[in-house]
*Asks:* 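Here you go, one structure.
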Amino acid sequence: MIRHRPFGSEHPYAVTGDQRVPALPVDGETCELRVRASASVTSVVCEWSGPSGVETWPLLPPSSSSSGADSADGGHLAAAQARSLADRSFWSVTTPPLAAGTTYRYRFVATLSSGAARRTRWFPVAAGSWAASGRSLTVEGDRLVPGSVEWLTGPEGPRRVRFALRLAPDEHVVGFGERYDAVDQRGRTLDAVVFEQYKAQGAHGRTYLPMPFALVVGGSSSWGFHVRTARRSWYDVGATTPDRLVVEADLDGDDALSVGLFSGTPASVVRQFLDEAGRPEELPDWVFRLWASGNEWNTQARVMAELDAHRQHDIPVGALVIEAWSDESTFTAFRDAVYDVNEDGGPHRLADFTFPADGAWPDPRGMVEELHGRDVKVLLWQIPLLKMRPHPRGQLAADARALVSGGFAVTEADGRPYRNRGWWFPLALMPDLASEKAREWWTSKRRYLVEELGIDGFKTDGGEHAWGHDLWHSGGAARGLAGNNRFPVEYARAYGDLLRSAGKAPVTFSRAGFTGSQAHGAFWAGDEDSTWAGFRAAVVAGVTAGACGIVYWGWDLAGFSGDVPDAELYLRAAAASAFMPIMQYHSEFNHHRLPARDRTPWNVAAQTGDERVLPVFRRFAHLREQLVPYLTSSAASAVSGGAPLMRGLFFDFPADASVWSVVDRQFLLGDALLVAPVLSAGSATWDVYLPAGSWVDVWTGAVVDGGRTVTRPVPLDEIPVYCRAADWPSLRPAFADLP
């Protein structure tokens, strides 16, 4: 009949129609109190208890105005996101300003059309206040601005702390995890919370993979800081006060926070951070070959047809990601497989399944064996949820019962299983992957895929769905906001451990993460349209992820959503991806409507009618094969403590002020190669800044002196790439004899 949740859904960037706004007010703030009610409710009043006694206030009835939510712009995911943010009518009232030191109470009384009344329980609310004294903040080094520390405290204890670090005029600030809007965050504000922003991440300033870490590069020295928390944090990077980097961090009741400061070269700063966060692990060389994927490749026949097309068109491929393989309820059984339900939620073995000859996947093991015979590795898509819509049946129902009864679920503070508050797979149950027993149960159900089918890795998608300060992970050992940000780290860890235990390399492919993710597999930049803006954002994302210690990183080249990219965008993106740590294409589900939206080169060629697509893509795919030894050795160097594999020029040339003018559009790949993707349509020439030294144009072999900007022609089958002259003899063969 009537619903009020003081914290709402706890969407980190939006408020809902049933919450208190703000949920945790500060001294002198008012609160808007919102409730949702059924159509039979004719009026709602708030009973408010404060120092003056009990007052009764009528609530304003629902408005028909729009909430300004993002509209659907194509694709089933866009529609789901828009529905989740759409305005739902609510009743509301605004309180007077709240005074710190007083706990107020309120409840709502709804009158129904029948004349009956319905009451909610009483809700407490108290304003916090900022003060210079508080608990314990430890900031290593001498960067803390004296007198800048403030604590926000409420009757429940510490809520937040904020403080400032000194910034010199010539310092640039890079990091905070994977970012899409800019490499240098100086002059900007941002936060660090794991969030699934479906497309346009840079425009919204949001990321799947945040970290409370930044590298600060000056002309003569570099340093970095790590806010040692998994809770949400906010940063004003000289936006308000130019010489101050203001940090604000959630405390959620904790009375202490520590901040690590590191100094040295940029690579040394990142290395010191990884000593705390967790060091990357070297992955096998096959991850550097071309990855192929399409969300509509949902049968064995379709998968093999696409791999046959790779062979037909002489486009080498090293890894296949099969997204639409499962029944999409258990994410453990192939669609159309026949098997008996394990009522206890226990694992199956391959022999438990029958695969109908006329089904979608008549012979999964034979398919994997054939792909391995073609030197193609196979990864399967995963989601860390159990769907509860529609009402579960069969094995899914048994798994849901086992998840709850076995204590394997993330729970709310009252012990009830958490139901996903996000827009994708709403109300789904979530396994508590911070718990060893839950990890073992969850991965045991996937063990046959690795041990008996021979699967080589997993696309660990969708790690962003833990919302709420009131969630309990690992039986309460990791509570609320800290456990939520850590969830994608534990998720990738769980699957990596499964692969290791079966003698496989821990190849996971995630989009979400946090501090600690560096140690767990590979990453891609998430969901994006096929636009030049998305392309430019991907370059920024790769450089920023690398600056935080992510070694194995890629993106859906030329985007995965919307109309098929034109030939120019597709080939420019393919050229850039050939010089990124992971080269892969992927396409979004589009209900199998025609024309197909696959991002395969042959489909792009067919849809655009451009005869250049196949031969140019083929050239870059072959070049990628020839670069694998270089990428493997460069990654090994990064894993062992060297500079990141994909990195900004400032890592190698920190004293060169000119590198900051191209920091969002040029990068180094390993120690030898400087890459300058063509990021604008219709470009016949492209300007490239070359730092001091001697460089070789990899396409012409011409030696070029650095310390200046050069302009070169950029035909569609070339990308500006320059090799350090000293490394050219060893890399020259990789660029020879291309088709």
Side-chain angles (χ1 to χ4, degrees), residues 4-16 19-34 50 95-106 123-139 144-145 147-165 189-195 210 212 227-236 240 245-259 412-414 421 466-473 476-486 514-515:
H4 174 72
R5 297 179 296 172
F7 290 83
S9 70
E10 297 204 60
H11 184 304
Y13 300 106
V15 295
T16 52
Q19 75 172 88
R20 184 171 66 220
V21 186
L24 292 173
V26 176
D27 186 35
E29 281 189 322
T30 62
C31 280
E32 182 188 11
L33 307 177
R34 298 178 172 186
T95 73
L98 307 187
T102 299
T103 297
Y104 304 86
R105 296 195 312 144
Y106 63 95
F123 300 96
V125 61
S129 60
W130 288 97
S133 60
R135 305 308 200 265
S136 171
L137 174 69
T138 302
V139 180
L144 181 66
V145 175
S148 66
V149 181
E150 293 183 287
W151 302 84
L152 176 60
T153 303
E156 74 281 8
R159 292 181 181 175
R160 293 186 183 181
V161 61
R162 66 185 175 204
F163 56 93
L165 305 176
T189 60
L190 66 157
D191 69 345
V193 62
V194 173
F195 183 71
V227 183
R228 296 178 176 127
T229 182
R231 297 186 176 89
R232 191 175 184 179
S233 50
W234 295 261
Y235 305 89
D236 181 322
T240 302
L245 193 162
V246 179
V247 180
E248 189 169 317
D250 250 321
L251 294 170
D252 199 21
D254 277 1
D255 59 4
L257 181 71
S258 94
V259 181
E412 299 190 11
D414 61 6
R421 299 171 186 169
W467 293 4
H469 75 290
D470 54 344
L471 304 191
W472 291 72
H473 303 258
R479 185 169 69 89
L481 303 175
N484 299 348
N485 278 337
R486 285 284 305 173
F514 197 73
T515 309

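Counting begins at 1 with the first residue of the sequence. Since we're looking at a predicted model, the values are computed, not measured.
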*Asks:* State the CZ-CG distance between Arg159 and Asp252, to the nearest 0.5 angstrom.
*Replies:*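 Rounded to the nearest 0.5 Å, the CZ-CG separation comes out at 11.0 Å.
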*Asks:* To the nearest 0.5 Å, how far apart are CG in Leu257 and CZ in Arg160?
*Replies:* 13.5 Å
*Asks:* Find the distance between CG (Asp236) and CG (Leu245) and round it off to the nearest 0.5 Å.
*Replies:*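 One finds 7.5 Å between CG of Asp236 and CG of Leu245.
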*Asks:* Got a donor-acceptor contact below 3.5 angstrom from the Tyr104 side chain to the Ala127 backbone?
*Replies:* no
*Asks:* Which heavy atom in Ala100 sits nearest to a heavy atom in Asp27, and how many Å separate them?
*Replies:*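 Taking Ala100 first and Asp27 second, the nearest heavy atoms are N-OD1, 2.9 Å.
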*Asks:* Can you see which heavy atom on Ala132 is nearest to which on Trp151, and at what distance?
*Replies:*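 Ala132 and Trp151 have their closest heavy atoms at O-CD1, 3.8 Å.
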*Asks:* Might you point out which heavy atoms bring Pro97 and Gly28 nearest each other, and give the distance in Å?
*Replies:* CB-O, 3.5 Å
*Asks:* Any side-chain heavy-atom pair from Tyr235 and Leu165 closer than 4.5 angstrom?
*Replies:*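 Not touching, per the 4.5 Å side-chain cut-off.
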*Asks:* Tell me, do Pro6 and Val125 make a side-chain contact under 4.5 Å, heavy atoms counted?
*Replies:*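 SC-SC contact between Pro6 and Val125 ruled out.
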*Asks:* Report yes if some heavy atom in the side chain of Thr229 is under 4.5 Å from a heavy atom in the side chain of Asn485; otherwise report no.
*Replies:* no
*Asks:* As an exercise, state the distance from OG of Ser129 to CG of Leu152, rounded to the nearest 0.5 Å.
*Replies:*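 The distance works out to 7.0 Å.
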*Asks:* Measure the spacing between OG1 of Thr189 and CD of Glu248 and express it to the nearest 0.5 Å.
*Replies:*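 These two atoms lie 12.0 Å from each other.
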*Asks:* Do Arg135 and Thr153 touch side chain to side chain, with heavy atoms closer than 4.5 Å?
*Replies:* yes
*Asks:* Under a 4.5 Å cut-off applied to non-hydrogen side-chain atoms, are Asn484 and His473 in contact?
*Replies:*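 Yes, their side chains come closer than 4.5 Å.
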*Asks:* Once rounded to the nearest 0.5 Å, what's the spacing between atom CG of Asp414 and atom CG of Asp470?
*Replies:* 8.0 Å
*Asks:* What's the shortest heavy-atom distance between Val194 and Pro210, and which atoms?
*Replies:*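 It is N-CG, 3.6 Å.
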*Asks:* Any donor and acceptor pair, going by atom type alone, linking the side chain of Arg34 with main-chain N or O of Thr16 inside 3.5 Å?
*Replies:* yes
*Asks:* Arg421 and Ser9: which non-hydrogen atoms are nearest, and at how many Å?
*Replies:*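 Looking at all heavy atoms of both residues, the shortest contact is CD-O, 3.1 Å.
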*Asks:* As a test of understanding, state which of His469, Gln19, Arg5 forms a side chain to side chain donor-acceptor pair (under 3.5 Å) with Glu10.
*Replies:* His469
*Asks:* Using every non-hydrogen atom in the two residues, find where Pro155 and Ala126 come nearest and quote the distance to one decimal.
*Replies:* CG-CB, 3.4 Å
*Asks:* Do Val227 and Val247 make a side-chain contact, defined as non-hydrogen atoms from C-beta onward lying under 4.5 Å apart?
*Replies:* yes
*Asks:* Would you please test Phe7 and Leu24 for side chain to side chain contact (heavy atoms under 4.5 Å, CB included) and show each step?
*Replies:* CA-CA 8 Å; Phe7 290 83; Leu24 292 173; 4.0 Å; yes
